[in-house]
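Shown next, in structure tokens, is the structure this report addresses.
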Amino acid sequence: MIKKLAKSVREYKPAVFLTLFFIFAEAAIESTIPFITANLVNSMNDGEANLKYIIKMGLILILLAVCSLSCGGIAGYTCAKASAGFSKNLRHDMFYNIQNFSFTNIDKFSSSSLVTRMTTDVNNVQMSFMMIIRIALRAPLMLIFSVIMAFIMGGRLAIGFVIMIPVLGGGLLLIAKFAMPAFRRVFKKYDKLNESVEENVRGMRVVKGFSRETYEKQKFSTASEDICMDFTKAEKIVAMNGPLMQLCIYFNMILVLSFGSYLILGGHSSIQIGDLSSMLTYGFQVLMQLMMISMIYVMLTMSAESAKRIAEVLDEKSTIKNPENPIYEVKNGSISFKDVNFKYKKHGKEFALTGVNLDIKSGMTVGIIGGTGSSKSTFVQLIPRLYDTTDGEVTVAGVNVRDYDLDTLRNAVGMVLQKNVLFAGTIKENLRWGNENATDEEIIEACKLAQADEFVSSFPEGYDTFIEQGGSNVSGGQKQRLCIARALLKKPKILILDDSTSAVDTKTDALIRKGFANYIPDTTKIIIAQRISSVENADLILVMENGAIVDTGTHSELLKSSEIYREVYEQQVKGGDDNG
């Protein structure tokens, strides 16, 4: 895990090494100052120090203090640069790896969990990294230097420092053992809290429409309170390190002061007043370094789970990869399913698709009808390899989709998904997702075919109108038409519309389909719809149920041969539900 995270340091390694160098210099200088001060005090006490000597030693102490301050300041700057750069690279590496995920990988992590890992978890790891390269080196160095100098100055009186360090270390290990389970629970609950917030923000209109604000507030408060309780419990355990540390160090300080004073006053030792004062200074330095170490320990305890969660994302490998010698050309839009079975999880028991065999010629229009949960969306997602088949194969232009270069295949397939997504930016910027080099004329033409040009032109800023996050400032029907225009700009070999005209009226739906026939006659068009009117003119209609194709044929053929199709048609026509 540490090796995996350390790879994200990259170009900031020089800043890390500079930090370590200046921290080492700072620690060495700070440990030297009490030694020089003790010698100065001893010389003055023995009457050996004249004014010239005192001034000289004073200037040396001032110079050392300035050098220590300078080293600390430079180390602070390089440490900040290294830790901020490390967190930037960490987010970069996570985000780029997530972009390579297949739908199977994405299903493993919830979106709220990924957001938590890229924000809260990265912040925790950044803080720990900063402490490790600055305080985690400085504190042990100062601790070692202080103990060594304490032995030099005080002899056997310094043994107490050595004894209390393992006692304190054992106590910290016990604290971590009890605190870690609580921290693990906290981060899992963070994911659920973020998921609740995400759902609430996305479904704000539904919440207000059903007057469920009070319920959502209560749900959020409960989740927040749950996190607070677990975090408080963990912090209570971790807080025990403070009293434990102070008990050890102050007990040792009292011991040193008591016996040191007794030895000096009784004349039983070679220890002098300056030596005792330096022992006290080194004692306080040991105290401060132990405090720093305990702070690092607390932060590392908290961030250990965060580091593990980040490593999980970085270690995740896409289940869908490019072949060794990929094919870079999709010749046409013909599609074939051969004995296809599919299930979402490798070791899952139930298949989402079973026994699918189908041949679609290039340029055909294929309609798909079926009830909720009949795996219509899953069926079409196998074509651009958003998922891979469990058994059997899917071919495009006579080539197994697994043999294509992924970008080549997906650029040849235009998809307008069930959940239409527009990104924050202008309408032009959103449409150019389909073709980043599209001209203004091509954008307008695609919008005309998708029946979007009229409402876009009515906006004061036209195609430069800014779309809010998630497309919240356009209606559902407008969003669908913009997404269709975006897919048309790809000029794909295969166009898949996954219930993507459900929010437009039947007249607009008919005009869109007419535009397809004229603009992309050679493109294979697959239309998933709930309305019979959206697919009745298709060359081939598939009726799906429970993950299988139960009937195929044209509209007139299915009215005669398919009971399911006929029942849906009669319900829509007789029930007057043809307008959606």
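At a threshold of 4.0 Å, the pair Glu316-Lys108 counts as salt-bridged, since one of the basic side-chain nitrogens sits closer than that to a carboxylate oxygen. Between Asp388 and Arg385 a salt bridge is recorded (basic side-chain N to carboxylate O distance below 4.0 Å). A salt bridge links Lys428 to Asp440: one of the charged nitrogens lies within less than 4.0 Å of a carboxylate oxygen. With respect to Glu536 and Arg531, no salt bridge is recorded, no charged nitrogen being found less than 4.0 Å from a carboxylate O. By the 4.0 Å N-to-carboxylate-O rule, Asp539 lies too far from Lys525 to be salt-bridged with it.
With rounding to the nearest 0.5 angstrom, the OG atom of Ser377 is 7.5 Å from the CE atom of Met415. Lys507 contributes atom NZ, which lies 12.5 Å from atom CD1 of Ile512 (distance to the nearest 0.5 angstrom). Once rounded to the nearest 0.5 Å, the distance linking CD1 of Ile320 with CG of Leu386 reads 7.0 Å. Taking CD1 of Ile369 as the reference point, atom CD1 of Ile532 lies at 4.0 Å (rounded to 0.5 Å). Distance check, rounded to the nearest 0.5 Å: NE2 of His555 to CG of Leu540 gives 14.0 Å.
In this model, a donor atom of one side chain and an acceptor atom of the other lie less than 3.5 Å apart for Asp453 and Tyr463. Thr354 and Asn341 share no donor-acceptor pair across their side chains, judged by distance under 3.5 Å alone. Side-chain atoms of Ser102 and Thr319 include a donor-acceptor pair closer than 3.5 Å. Ser534 and Asp509 share a side-chain donor-acceptor pair at under 3.5 Å. Counting only N and O atoms by type, the side chains of Ser362 and Ser334 include no donor and acceptor under 3.5 Å apart. Using a 3.5 Å distance cut-off with no hydrogens or angles, the side chains of Arg566 and Ser562 do not pair a donor with an acceptor. No side-chain donor-acceptor contact under 3.5 Å links Ser318 and Asn100. Counting only N and O atoms by type, the side chains of Asp359 and Ser336 include a donor and acceptor under 3.5 Å apart.
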Check against side-chain contact (heavy atoms from CB on, under 4.5 Å), Arg513 and Ile527 = CA-CA 10 Å; Arg513 284 184 280 110; Ile527 303 170; 4.2 Å; yes
task = Begin from the C-alpha positions of Asn400 and Thr395 and carry the test side chain to side chain donor-acceptor pair (under 3.5 Å) through to its verdict.
result = CA-CA 4 Å; Asn400 192 318; Thr395 66; over 6 Å; no
ask   = After noting the C-alpha distance and the side-chain angles of Asp121 and Ser306, does the key distance pass the side chain to side chain donor-acceptor pair (under 3.5 Å) rule?
value = CA-CA 5 Å; Asp121 288 334; Ser306 291; 2.9 Å; yes
query = Would Ile427 and Leu431 count as a side-chain contact (heavy atoms from CB on, under 4.5 Å) if you check the C-alpha gap in whole Å, the side-chain angles of each, and the deciding distance to 0.1 Å?
reply = CA-CA 6 Å; Ile427 290 176; Leu431 293 175; 3.8 Å; yes
inquiry  = Run the side-chain contact (heavy atoms from CB on, under 4.5 Å) test on Arg117 and Val122 for me, step by step, so that the C-alpha distance in whole Å, both residues' side-chain angles and the decisive distance to 0.1 Å come before the verdict.
reply    = CA-CA 6 Å; Arg117 292 169 198 242; Val122 171; over 6 Å; no
request  = List the steps and the verdict of side chain to side chain donor-acceptor pair (under 3.5 Å) for Arg91 and Thr119.
outcome  = CA-CA 8 Å; Arg91 290 190 179 96; Thr119 52; over 6 Å; no
request  = Could you walk me through whether Asn123 and Thr120 pass side chain to side chain donor-acceptor pair (under 3.5 Å), step by step?
outcome  = CA-CA 5 Å; Asn123 287 339; Thr120 304; 5.7 Å; no
task = Go through the steps to decide whether Ile484 and Leu482 satisfy the test side-chain contact (heavy atoms from CB on, under 4.5 Å), and finish with yes or no.
result = CA-CA 5 Å; Ile484 291 170; Leu482 288 173; over 6 Å; no
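Heavy-atom contacts from other residues, nucleotides or ligands closer than 6.0 Å to NZ of Lys4 number more than 12. Shown here is Lys88, whose NZ atom has more than 12 heavy atoms of other residues, nucleotides or ligands within 6.0 Å. By the neighbour-count criterion of 12 heavy atoms within 6.0 Å, atom OH of Tyr215 is sparsely surrounded, having that number or fewer from other residues, nucleotides or ligands. In this structure, Phe466 places its CZ atom where more than 12 heavy-atom neighbours from other residues, nucleotides or ligands lie under 6.0 Å away. Counting heavy atoms of neighbouring residues, nucleotides and ligands inside a 6.0 Å radius, atom NZ of Lys491 does not exceed 12 of them. Around atom CD of Gln99, more than 12 heavy atoms belonging to other residues, nucleotides or ligands sit under 6.0 Å away. In Glu468, the CD atom is crowded: over 12 heavy atoms of neighbouring residues, nucleotides or ligands sit closer than 6.0 Å. No more than 12 heavy-atom neighbours from other residues, nucleotides or ligands sit within 6.0 angstrom of CD on Glu350.
Residues Thr389 and Val394 meet the side-chain proximity criterion, which asks for heavy atoms closer than 4.5 Å. For the pair Thr378 and Leu353, the minimum side-chain heavy-atom distance is below 4.5 Å. Put simply, the side chain of Thr524 reaches to within 4.5 Å of the side chain of Ile335, judged on heavy atoms.
Aromatic ring centres of Tyr12 and Phe86: separated by at least 6.0 Å. Not less than 6.0 angstrom separates the ring centroid of Tyr404 from the ring centroid of Tyr328. Aromatic ring centres of Phe337 and Phe379: separated by under 6.0 Å. Residues Phe342 and Phe351 keep their aromatic ring centres 6.0 Å or farther apart.
In this pair, Phe423 and Trp433 present their aromatic rings parallel. The plane angle is below 30°, not in the 30 to 60° band. The aromatic rings of Tyr565 and Tyr569 sit parallel to each other, their planes meeting at less than 30°, with 60° as the upper class boundary.
Side-chain N or O atoms of Lys490 include one that pairs as donor or acceptor with a backbone N or O of Val413 at under 3.5 Å. Remark: side-chain polar atoms of Ser221 are paired, donor with acceptor, to backbone N or O of Lys217 under 3.5 angstrom. Between the side chain of Asn105 and the backbone N or O of Lys317, at least one donor-acceptor pair lies under 3.5 Å. Remark: side-chain polar atoms of Lys343 are not paired, donor with acceptor, to backbone N or O of Lys349 under 3.5 angstrom.
The only member of Leu511, Leu488, Thr365 that meets side-chain contact (heavy atoms from CB on, under 4.5 Å) when paired with Phe516 is Leu488.
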